[in-house]
Amino acid sequence: MSDATAEDMKGFEGFTYLPKFDTIEEERRHRKERLAASFRLFGRFGFDEGVAGHITARDPEHLDHFWVNPFGMSFSHIRVSDLILVNDQGDVVEGNAAVNAAAFAIHSQVHAARPDVIAAAHSHSIYGKSWSTLGRLLDPLTQDACAFYDDHALFDDYTGVVLDPEEGKRLSHALGDGKAVILRNHGLLTVGHSVDEAAWWFITMERSCQAQLLAEAAGTPVLIAEESARLTATQVGSHLAGWFSFSPLYDWIVREQPDLLD
Ligand SMILES: [Zn+2]
């Protein structure tokens, strides 16, 4: 699978976007490694809040199944062998743990509504949830924030913990064809064409929320002009840029916590 245009490849010449696999088993293993590493990074960055939060990776064979974290396990302990596989009915079909009902209600609907999406990430990280209470989209304040320019949405409602797939459907509708949605009074949700990309958008969006909160607390920030924001979005906001930005973080966390691959 390759969805990078020649334009996207500008500045990334010499890199092979998205590895190719000879077998489904190898592709599945790769996705699970990326997923376990994403949890370790979320744990390392303090994105966990008790048992809240989930990242999912679509199974490469059973396209309506996804891999997810076992309910109640610390992000910081998750290994590849701990991940569980959930079908489109919410049943755990591989692994010996329960699935968080909210993870199923939200992610099953996102994966169903967006066949292009391989992975989705959501947690109650502190800056994302703080920003979400303002009921506003992020402004193009920094180069990094331009990744979300005209490519994220606001789910302008909050009615309790998302346990009903119908609510997950409403939320997916708000996401539309963008890379992220701010869930008001709740937190952030990001998606990607790879696990790497979904995890990266989450990490950088959390930091963009932090940057805007800091900047607005200190004064009146200057916005990047629309034309420049639009150009920058094509440079830092492509599927390829998101995928590639994750690679140093993956290498770092695997070197620091190699047991995540067990
Ligand atoms: Zn949540």
Side-chain angles (χ1 to χ4, degrees), residues 35-36 38-58 66-78 82-84 86 88 90 92 97-114 117-138 148 152-176 178-192 195 197-210 213:
L35 186 57
S38 299
F39 283 116
R40 294 296 182 100
L41 287 163
F42 276 36
R44 191 72 157 68
F45 292 137
F47 293 171
D48 42 353
E49 177 83 18
V51 299
H54 9 90
I55 315 173
T56 52
R58 190 190 295 281
F66 57 78
W67 295 91
V68 67
N69 45 317
F71 192 28
M73 185 170 190
S74 168
F75 290 173
S76 302
H77 292 165
I78 292 175
D82 294 314
L83 297 168
I84 58 174
V86 176
D88 64 335
V92 176
V99 59
N100 181 341
F104 177 71
I106 296 172
H107 292 246
S108 64
Q109 298 306 316
V110 170
H111 283 284
R114 289 283 300 273
V117 157
I118 297 298
H122 165 69
S123 87
H124 298 179
S125 53
I126 187 67
Y127 297 105
K129 70 179 167 188
S130 301
W131 179 260
S132 80
T133 66
L134 303 177
R136 290 167 59 197
L137 293 175
L138 285 168
F148 301 97
H152 73 298
L154 172 68
F155 181 57
D156 199 8
D157 197 10
Y158 181 81
T159 55
V161 177
V162 182
L163 298 174
D164 181 354
E166 280 306 312
E167 184 71 352
K169 207 170 273 179
R170 291 178 62 218
L171 192 157
S172 315
H173 191 255
L175 169 68
K179 61 161 66 84
V181 58
I182 296 167
L183 313 176
R184 179 160 62 72
N185 304 102
H186 185 174
L188 309 176
L189 183 132
T190 59
V191 299
V195 175
E197 192 195 335
W200 171 252
W201 295 141
F202 193 94
I203 292 163
T204 191
M205 192 178 199
E206 164 73 3
R207 293 167 68 92
S208 287
C209 290
Q210 180 178 8
L213 287 164

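Both counts, for ligands and for their atoms, begin at 1 and track the order of listing.
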How long is the straight-line distance from [atom2] of [Y] back to [atom1] of [X], given to the nearest 0.5 Å?
{"X": "Ile106", "Y": "Lys169", "atom1": "CD1", "atom2": "NZ", "result": "14.5 Å"}
{"X": "Cys209", "Y": "Ile126", "atom1": "SG", "atom2": "CD1", "result": "11.5 Å"}
{"X": "Leu188", "Y": "Ser123", "atom1": "CG", "atom2": "OG", "result": "7.5 Å"}
{"X": "Leu171", "Y": "His186", "atom1": "CG", "atom2": "NE2", "result": "8.0 Å"}

Counting only heavy atoms not in Arg207, do more than 12 sit closer than 6.0 Å to its CZ atom?
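Not more than 12 within 6.0 Å, no.
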Which of the protein's N, O or S atoms come within less than 2.8 Å of the Zn ion (ligand 1), not counting waters?
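Counting only protein N, O or S atoms under 2.8 Å from the Zn ion (ligand 1), the list reads His122 NE2, His124 NE2, His186 NE2.
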Any sub-3.5 Å donor-acceptor pair from His152's side-chain atoms to Leu138's backbone N or O?
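Here the side-chain-to-backbone pair exists.
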